[in-house]
Amino acid sequence: MRLPSEIAKRVEWKSNEWESSESKPIKVRDLLALCWIPLNKANEEGLLPIDISVTPQNIYRNKGECSKQFDKLMLNDEVSLPNDGPTHESINETVASCFDILADLPRLYDKIYADFPEAYNSNGYRFGSNSIVKIYDPLKRESAKDKNAYVAAQPVTPFTSIRVGYRYPDGLIMPLVYGLKGLMKAEGGRVIWATDPFDFLDEYFRDIAGAYRLVLDMARFDPQKLAKSG
């Protein structure tokens with residue numbers, strides 16, 4: 001088990017088998033979709049036994065395809081071998097290294113989601129001024145004539161339940177999440193972080209958010225255009 005325990009315990013490993021007291025489980029397919037970020041890097045470097053990948057936008061728009069491709073990869077006899085019925089044991093060091101990267105990606109996803117509004121605003125912009133962004137501010141909501149700009153309950157991030165002050169479609173940040181692939185490198189047949197991704201975001205995320213304004217403007221803040229187009 002490579003996932004942090006606080007995430008692993010919330011994963012719904014099989015459909016309709018959610019038994020936790022948590023209000024919302026983490027779907028396996030969401031994790032498999034994220035896994036294709038390092039797996040795509042491995043394929044680009046020619047490290048996988050077969051030429052297989054998913055288009056970046058499918059990580060957001062077609063998670064079923066991500067799962068299908070993942071199964072195809074894992075059933076290759078250079079990647080895993082049967083071990084007790086339907087269970088397979090991973091035997092491929094490259095794929096195992098991608099799982100190590102995956103262990104960090106849910107927390108990085110949530111960090112990007114939580115930090116993006118403030119990073120965006122630090123450049124002199126107003127993230128909350130867009131109609132698809134909802135703000136959590138009970139006092140302002142109570143006195144506001146138009147309450148549509150606010151949410152009544154405090155939003156949380158999807159994987160680690162960080163309390164945040166904004167709720168917005170995750171399609172807005174999916175290009176930034178996929179961009180984490182740029183911090184990965186191949187070394188000794190493995191995919192590893194070229195630099196600590198958490199430290200990198202702490203140092204550069206405000207600059208990234210400022211530059212990303214152009215992308216948001218080009219897409220007119222449409223999360224579907226941002227996350228579903230090449």
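All residue numbers refer to positions in the sequence shown, counting from 1.
- Asp137 has no carboxylate O lying under 4.0 Å from a charged side-chain N of Arg141, or vice versa, which leaves the two without a salt bridge.
- In this structure, Tyr166 has its ring center at least 6.0 angstrom away from the ring center of Tyr136.
- Criterion: ILVMFWY side-chain heavy atoms under 4.5 Å apart, direct or through other members. Under it, Leu201 and Tyr204 are part of a common hydrophobic cluster.
- Of the possible donor and acceptor atoms, none in the side chain of Lys63 sits under 3.5 Å from a partner among the backbone N and O of Tyr60.
- Here the OG1 atom belonging to Thr157 is positioned 11.5 Å from the CG atom belonging to Asp170, to the nearest 0.5 angstrom.
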Exercise. Can you check side chain to side chain contact (heavy atoms under 4.5 Å, CB included) on Tyr109 and Thr160, steps first, answer last?
Worked result: CA-CA 9 Å; Tyr109 184 107; Thr160 56; over 6 Å; no
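- Under the 4.5 Å side-chain heavy-atom criterion for grouping Ile, Leu, Val, Met, Phe, Trp and Tyr, Leu75 is not connected to Trp36 through any hydrophobic cluster.
- The neighbour count for Lys72 NZ, taken as heavy atoms of other residues, nucleotides or ligands under 6.0 Å away, does not exceed 12.
- Taking all atoms of both residues into account, the shortest heavy-atom contact from Phe159 to Asp110 is N-OD2, 3.1 Å.
- Between Ser97 and Val191, the shortest heavy-atom contact is OG-N, 2.9 Å.
- Note on Val156 and Tyr150: separate hydrophobic clusters, where clusters join Ile, Leu, Val, Met, Phe, Trp and Tyr whose side-chain heavy atoms are under 4.5 Å apart, directly or indirectly.
- Annotation for Cys98 and Cys35: closest pair O-SG, 4.5 Å, computed over non-hydrogen atoms.
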Problem set entry | CA sep, side-chain torsions, deciding dist, call: Arg220, Asp217, salt bridge (Lys or Arg N to Asp or Glu O under 4.0 Å) | CA-CA 5 Å; Arg220 298 183 178 180; Asp217 285 347; over 6 Å; no
Exercise. How far apart are the C-alpha atoms of Val28 and Glu12, what are their side-chain angles, what is the distance that settles it, and do they pass the side chain to side chain contact (heavy atoms under 4.5 Å, CB included) test?
Worked result: CA-CA 6 Å; Val28 170; Glu12 185 181 41; 5.7 Å; no
Exercise. Given Arg10 and Glu6, is the salt bridge (Lys or Arg N to Asp or Glu O under 4.0 Å) satisfied, shown in steps?
Worked result: CA-CA 7 Å; Arg10 290 185 52 222; Glu6 67 271 17; over 6 Å; no
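- Between Phe221 and Tyr120, the ring planes are perpendicular. Angles over 60° get that label, and only those under 30° would be called parallel.
- Side-chain contact between Glu44 and Lys41 is present, with heavy atoms from C-beta onward closer than 4.5 Å.
- Closest approach of Gln57 and Ala227 over heavy atoms only: CB-O, 3.3 Å.
- With hydrophobic clusters built from ILVMFWY side chains whose heavy atoms lie under 4.5 angstrom apart, Met184 does not share a cluster with Ile192.
- Of the possible donor and acceptor atoms, one in the side chain of Ser80 sits under 3.5 Å from a partner among the backbone N and O of Met74.
- For Arg29, the CZ atom is loosely surrounded, since the number of other residues' heavy atoms within 6.0 Å does not exceed 12.
- Side-chain contact between Ile132 and Asp222 is absent, with no heavy atoms from C-beta onward closer than 4.5 Å.
- Annotation: Phe198, atom CZ; neighbour count of heavy atoms from other residues, nucleotides and ligands within 6.0 Å is above 12.
- Between Phe127 and Phe116, the ring planes lie perpendicular to each other; the angle is over 60°, past the 30° to 60° tilted range.
- The two residues Cys66 and Asn58 make their nearest non-hydrogen contact at SG-O, 3.4 Å.
- The backbone N or O of Ser131 lies less than 3.5 Å from a partner atom in the side chain of Lys134, making a donor-acceptor pair.
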For this session: Evaluate the criterion side chain to side chain contact (heavy atoms under 4.5 Å, CB included) for residue pair Asn62 and Val54; output intermediate values, then yes/no.
Result: CA-CA 10 Å; Asn62 194 343; Val54 302; over 6 Å; no
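- Taking hydrophobic clusters as Ile, Leu, Val, Met, Phe, Trp and Tyr residues chained together by side-chain heavy-atom distances below 4.5 Å, Ile101 shares a cluster with Phe99.
- The closest side-chain heavy-atom distance from Ile59 to Met174 is below 4.5 Å.
- Residue Pro49 comes nearest to Val79 through the heavy atom pair CG-CG2, 3.5 Å, listed as atom of the first residue, atom of the second, then distance.
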Exercise. Passes salt bridge (Lys or Arg N to Asp or Glu O under 4.0 Å), Asp202 versus Lys111? Steps please.
Worked result: CA-CA 10 Å; Asp202 285 340; Lys111 180 176 177 61; 2.7 Å; yes
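- Side-chain N or O atoms of Thr94 include one that pairs as donor or acceptor with a backbone N or O of Gly189 at under 3.5 Å.
- Using modelled atom types, one finds no donor on one side chain facing an acceptor on the other under 3.5 Å when comparing Tyr168 with Asn130.
- Looking at Asp30, its side chain never comes within 3.5 Å of a backbone N or O of Ile26 through a donor-acceptor pair.
- You'll find the side chain of Ile52 reaches within 4.5 Å of the side chain of Leu48, heavy atoms only.
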For this session: Determine, stepwise, if the pair Leu172 / Leu216 fulfils side chain to side chain contact (heavy atoms under 4.5 Å, CB included).
Result: CA-CA 8 Å; Leu172 290 183; Leu216 292 174; 4.2 Å; yes
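- A 6.0 Å sphere centred on CD of Glu118 holds no more than 12 heavy atoms belonging to other residues, nucleotides or ligands.
- Between the side chain of Asn40 and the main chain of Ser53, no donor-acceptor pair closer than 3.5 Å is present.
- Taking a 6.0 Å sphere around NZ of Lys181, one finds it holds more than 12 heavy atoms contributed by other residues, nucleotides or ligands.
- Both cation-pi conditions hold for Arg213 and Tyr125: the charged atom is under 6.0 angstrom from the six-membered ring centre and inside a 45 degree cone around its axis.
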